[in-house]
Protein chains: 2
Amino acid sequence: MHLTVGMTATLDDERLDAVFAALADRTRRGIVARLSEGEATVNELAAPYAMSLQAVSQHIGVLERCGLVSRGRHRQTRPCRLEPQALETALSWLEESRRVWADRVDRLEAHLARLQNGRQP
Amino acid sequence: MHLTVGMTATLDDERLDAVFAALADRTRRGIVARLSEGEATVNELAAPYAMSLQAVSQHIGVLERCGLVSRGRHRQTRPCRLEPQALETALSWLEESRRVWADRVDRLEAHLARLQNGRQP
DNA sequence: CCGACAGTCAAGTGCACGCTTCATCAAGCG
DNA sequence: CGCTTGATGAAGCGTGCACTTGACTGTCGG
């Protein structure tokens, strides 16, 4: 079990690298936010942006490569939809850090409370 | 209220850009994870890594610039501590996207359930 | 078949990043 | 005072990214 934890660590690291890097661009965050409301085609996703269609297609490619988005086929269009598992990957990491931090603060406050009650540790 | 939402939008975007970009590097994620367990000096933070001390110092600079970490002074050392607000900024964005997605899926399933019950919408 | 439309592939450019090395500063210690 | 230690500043190098333009694929409507 420890071995598998160690083995998946680097894989998760690579996925986290890719997901956080993908989300570090506001165009891509906008695309993700739009897709969280439902599927959309590349043209629909590109409409709000002043950049070329190719640029948006490349952004979608980044999101697809890190697992945040998948593309299907329907007629001439390539409808895009959100893959929430990848979002969960990032969320889990952040929540773990928050959890560890909060636990430590709790222990610290409990310790200080004991000191204030006059007891010697 | 709507105005402030609009005004803070780009500021939040810039902060999200910086926070997600900072977390897109496993060295920096390792530093954040370490700091979630408590304060540490630059040398302590650099110990696990094969790179130069300056490189780690630069990574800490990135984390400091986006608000994830703050540095104090104690004797010759510069103890670093985590600033969890910035983590919350990223968490909030991800949770919002997940919320919107989940809401939509719920509505979709409810809609399909109504159809399967034979009622006409 | 032909033209129009949705989308991708490929090459090029400018810029930011990660890391290194050399130099520097500030604080303690002999 | 000199010397070591903790840490930053600055310049340089290689690499990858965001975006552009130009050419191309594939699918529909006439």
Side-chain angles (χ1 to χ4, degrees), chain A residues 10 13-35 38-82, chain B residues 10 13-35 38-82 86 90:
Chain A
T10 62
D13 265 359
E14 286 174 21
R15 160 154 276 205
L16 284 170
D17 279 357
V19 170
F20 279 128
L23 295 176
D25 183 286
R26 49 196 108 179
T27 302
R28 289 196 289 263
R29 282 199 307 279
I31 292 173
V32 168
R34 167 66 185 79
L35 289 178
E39 291 191 11
T41 68
V42 177
N43 266 293
E44 289 167 351
L45 291 172
Y49 302 103
M51 68 189 70
S52 72
L53 186 68
Q54 292 92 326
V56 173
S57 184
Q58 284 171 345
H59 280 304
I60 296 171
V62 172
L63 293 170
E64 195 177 25
R65 229 166 291 127
C66 75
L68 276 164
V69 160
S70 67
R71 271 183 280 201
R73 286 173 184 263
H74 180 257
R75 304 265 194 166
Q76 312 95 310
T77 72
R78 313 288 309 272
C80 303
R81 63 176 159 286
L82 194 63
Chain B
T10 62
D13 265 0
E14 286 173 22
R15 160 155 275 204
L16 284 170
D17 278 357
V19 170
F20 280 127
L23 296 176
D25 183 285
R26 48 196 109 180
T27 302
R28 288 194 291 262
R29 281 199 307 278
I31 292 173
V32 168
R34 167 65 185 80
L35 289 178
E39 290 191 12
T41 68
V42 177
N43 266 296
E44 289 167 350
L45 291 171
Y49 301 104
M51 67 189 72
S52 70
L53 186 68
Q54 291 90 332
V56 174
S57 184
Q58 284 171 345
H59 280 305
I60 296 170
V62 172
L63 293 169
E64 195 176 26
R65 230 167 290 126
C66 74
L68 276 165
V69 160
S70 66
R71 271 183 281 201
R73 285 172 185 265
H74 180 258
R75 304 264 192 168
Q76 312 95 312
T77 72
R78 312 290 307 273
C80 303
R81 63 179 160 283
L82 193 64

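Chain A is the first sequence line, chain B the second, and so forth, proteins listed ahead of strands; every chain is numbered from 1. In what follows, every heavy atom counts, from backbone to side chain, and hydrogens, waters and symmetry copies are set aside.
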Give the rounded distance in Å between these two atoms: CZ of A:R29 and C1' of D:dA18.
15 Å
From C-beta outward on A:S57, which listed nucleotide comes closest to its side chain: D:dT8, C:dA6, C:dT8?
C:dT8
Value in whole Å for how far the C1' atom of C:dC25 lies from CZ of B:R78
11 Å
Sugar-phosphate, base or nothing in reach of B:R28, heavy atoms under 4.0 Å
sugar-phosphate
Could you state the OH-P distance from B:Y49 to C:dG18, rounded to the nearest angstrom?
14 Å
Taking the nucleotide of DNA chain D with the nearest heavy atom to each, does A:L53 or B:P79 sit closer to the 5' end?
B:P79
Would you mind reading off the distance between B:I31 atom CD1 and C:dC19 atom C1', rounded to a whole angstrom?
13 Å
Could you state the atom-to-atom distance from CZ of B:R75 to C1' of C:dC29 in whole Å?
12 Å
Heavy-atom pair with the smallest gap, counting every atom of A:C80 and A:V69:
CB-CG1, 4.1 Å
In whole angstrom, what separates A:M51's CE from C:dG14's P?
19 Å
Can you tell which of D:dT27, C:dT8, D:dG6 lies closest to the side chain of A:V42?
C:dT8
Taken to the nearest 0.5 Å, the spacing of B:I60 CD1 from B:L53 CG works out to 8.0 Å
Does B:Q54 make a side-chain donor-acceptor contact with the base of D:dG6, cut-off 3.5 Å?
no
Given D:dT8, is OP1 or OP2 found less than 4.0 Å from the side-chain N or O atoms of B:R71?
yes
What is the separation between atom CZ on B:R73 and atom P on C:dC25, rounded to the nearest whole Å?
14 Å
Kindly determine whether B:V56 and B:M51 satisfy side-chain contact (heavy atoms from CB on, under 4.5 Å), including the steps that lead there.
CA-CA 7 Å; B:V56 174; B:M51 67 189 72; 3.9 Å; yes
Please determine whether a side-chain nitrogen or oxygen atom of B:S52 lies at a distance below 4.0 Å from atom OP1 or OP2 of C:dT20.
yes
B:H59 side-chain proximity, nearest of C:dC19, C:dG7, D:dT8
C:dC19
Can you give me the closest heavy-atom contact between A:E64 and A:R71, atom names plus distance?
OE1-NH2, 2.6 Å
If you take atom types as modelled and just measure distance, does the side chain of B:Q58 reach the base of C:dT20 with a donor-acceptor pair under 3.5 Å?
yes
Look at A:N43 and C:dG7 and indicate whether a side-chain polar atom (N or O) is within less than 4.0 Å of OP1 or OP2.
yes
Considering all heavy atoms, the nearest A:V32-A:L63 contact
CG2-CD2, 3.9 Å
A:L63 has an atom CG; how far is it from atom P of D:dC17, in whole Å?
13 Å
Counting side-chain heavy atoms from C-beta on, which of D:dA18, D:dC28, C:dC19 comes nearest to B:A55?
C:dC19
